[in-house]
Trainee: 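Please see the structure below; I have some questions.
Treat the numbers as computed from the prediction; the structure is a model and nothing was measured.
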Amino acid sequence: MKTSSDNRRAGIGFVLAAYVAWGILPFYWKAIKSIPPENILTFRVFLSFLLLAAVVMLSGRAGEFRAAFASRRSRLWTLLTAAVIGSNFFVYVWAVNTDHLVEASLGYFINPLVSVFLGVVFLREKLDRPRLVSLGLAVAGVAFLTASFGRLPWISLVLAFSFAFYGLARKIARVDALNGLLAETAVLSPLCLGFLAFQAFRGRFFTGWDSLTFPLLLVSGLVTAVPLLWFIRGVRRIPLSTAGFIQYVSPTLQLLIGVVAYGEPFTRTHLASFGLIWAGLAVFTVSTARSLAERRNGRLSNPPKG
């Protein structure tokens, strides 16, 4: 029989595997960079839909999937989250395959702080002083990078805000992760098939294909869905705060791959900007850890009666 300690270790293992997979996926997207990113996106979404549909059917959870379309409100939320996550998928693949991996990694470092900001704006969550400082440092980092290069790091901002909005919308919609993603890919799949038919009509369906990219492209659904399923299995067994701390593995790996493996520039300006954002994340992480410790100690010193 598995103990709570075994479950926790398994949970950490699954979540860590998911974030490591997401961190090293740039190698995969680079391997099929000859294919236009819009074609990659359409295959990725449609093949993910087929895989997720099989998982839901085999697990007997088809009834839960229908909840994503049960009411007008749930349908609207599904359409919104589908549009947001589809945009995130496309921008990320485009960024990796146009040598903007460093800027993409910056987006995922910023993402937790954007989520805090959206929680304040839309959910009226309270912003204590440490979190205000962390947001200020992140804004300063983006502002410094913008002033130095003369342009907004739009890739970073689109990735950070789209994923944060996705998390916010999924929280409000209250559809579980597996069925929610299946519903989103179900919404996007007809558009993807229509686009692929259009590309075939234009003679661009096989653009960039060769003997290696074809089988790699066919597993795009697996590399999209499997890490997410690992994450879902893991996050159910550990506190969200623990998963939140592990999430920095992914952008760290992306940054290292961009600089070391693909020779993307990492200048003093990047270092200063990233340094401000990392400082903000450090303040945020320490503050969150202290809050959780205080809450846990409070529960231990005041056990429920009954």
Side-chain angles (χ1 to χ4, degrees), residues 22 25 28-58 61-62 64-98 100 104 154-155 158-159 161-163 165-167 169-170 173 175-229:
W22 285 325
L25 267 180
Y28 171 77
W29 303 123
K30 286 281 190 181
I32 54 175
K33 67 179 296 184
S34 61
I35 301 173
E38 59 271 20
N39 285 13
I40 294 175
L41 174 65
T42 52
F43 274 99
R44 181 184 186 184
V45 169
F46 181 64
L47 294 174
S48 295
F49 165 69
L50 294 180
L51 178 63
L52 291 165
V55 170
V56 168
M57 293 297 291
L58 291 173
R61 298 176 62 184
E64 297 175 34
F65 165 68
R66 296 189 190 99
F69 301 98
S71 66
R72 184 173 181 272
R73 181 179 180 275
S74 61
R75 288 192 293 272
L76 288 174
W77 278 114
T78 298
L79 289 173
L80 175 62
T81 54
V84 172
I85 198 62
S87 301
N88 180 275
F89 282 172
F90 176 78
V91 172
Y92 181 72
V93 172
W94 180 89
V96 171
N97 287 349
T98 55
H100 291 90
W154 68 268
I155 294 172
V158 168
L159 291 175
F161 274 88
S162 63
F163 205 71
F165 268 112
Y166 179 71
R170 290 296 297 271
V175 178
D176 75 273
L178 177 59
N179 285 285
L181 186 62
L182 174 58
E184 290 151 7
T185 54
V187 167
L188 294 173
S189 286
L191 299 175
C192 293
L193 290 175
F195 178 78
L196 289 175
F198 177 67
Q199 289 290 74
F201 177 76
R202 298 171 67 198
R204 297 186 180 181
F205 183 84
F206 294 104
T207 300
W209 286 36
D210 58 32
S211 59
L212 178 62
T213 55
F214 175 63
L216 285 175
L217 188 62
L218 289 180
V219 298
S220 60
L222 280 173
V223 302
T224 298
V226 169
L228 180 63
L229 295 175

Trainee: Considering residues at least two apart in sequence or located in another chain, which fulfil the ring pair (Phe, Tyr, Trp, His ring centres under 6.0 Å) criterion with W154?
Mentor: W94

Trainee: Output all residues satisfying salt bridge (charged side-chain N to carboxylate O under 4.0 Å, His left out) with K33, sequence neighbours left out; order by chain, then residue number.
Mentor: none

Trainee: Could you give all pairs that pass the side-chain hydrogen bond (donor to acceptor under 3.5 Å, both in side chains) test and reach residues 40-55, with sequence neighbours left out?
Mentor: R44-T224

Trainee: What residues, two or more places apart in sequence or in another chain, satisfy side chain to side chain contact (heavy atoms under 4.5 Å, CB included) together with L216?
Mentor: Y28, A31, I32, L212

Trainee: Can you tell me which residue pairs pass the salt bridge (Lys or Arg N to Asp or Glu O under 4.0 Å) test with a partner in residues 181-199, sequence neighbours excluded?
Mentor: R170-E184

Trainee: Measure across T78 and A183 and return the closest heavy-atom pair with its distance rounded to 0.1 Å.
Mentor: CG2-CB, 3.8 Å

Trainee: By ring pair (Phe, Tyr, Trp, His ring centres under 6.0 Å), which residues pair with W77, not counting sequence neighbours?
Mentor: none

Trainee: Throw together a table of side-chain donor-acceptor distances under 3.5 angstrom for residues 187-199, partners on residues two or more places apart or in other chains.
Mentor:
residue : atom : partner : partner atom : Å
S189    : OG   : T185    : O            : 2.6
Q199    : OE1  : R202    : NH1          : 3.1
Q199    : NE2  : N39     : OD1          : 3.0

Trainee: Enter the distance from L25:CG to W22:CH2 here, rounded to the nearest 0.5 Å.
Mentor: 9.5 Å

Trainee: What pairs with T213 under side-chain hydrogen bond (donor to acceptor under 3.5 Å, both in side chains), at least two apart in sequence or on another chain?
Mentor: D210

Trainee: Got a sec: does the CZ of F163 have more than 12 other heavy atoms crowding it under 6.0 Å?
Mentor: no

Trainee: Find the distance between OG1 (T81) and CG (L76) and round it off to the nearest 0.5 Å.
Mentor: 10.5 Å

Trainee: Only counting residues at least two apart or in another chain, list the ones meeting side chain to side chain contact (heavy atoms under 4.5 Å, CB included) with A225.
Mentor: L51, L52

Trainee: Mind checking ring pair (Phe, Tyr, Trp, His ring centres under 6.0 Å) for F43 and listing every partner two or more places apart, or none if nothing turns up?
Mentor: F205, W209

Trainee: If the condition is side-chain hydrogen bond (donor to acceptor under 3.5 Å, both in side chains), which residues does T98 pass it with, not counting sequence neighbours?
Mentor: H100

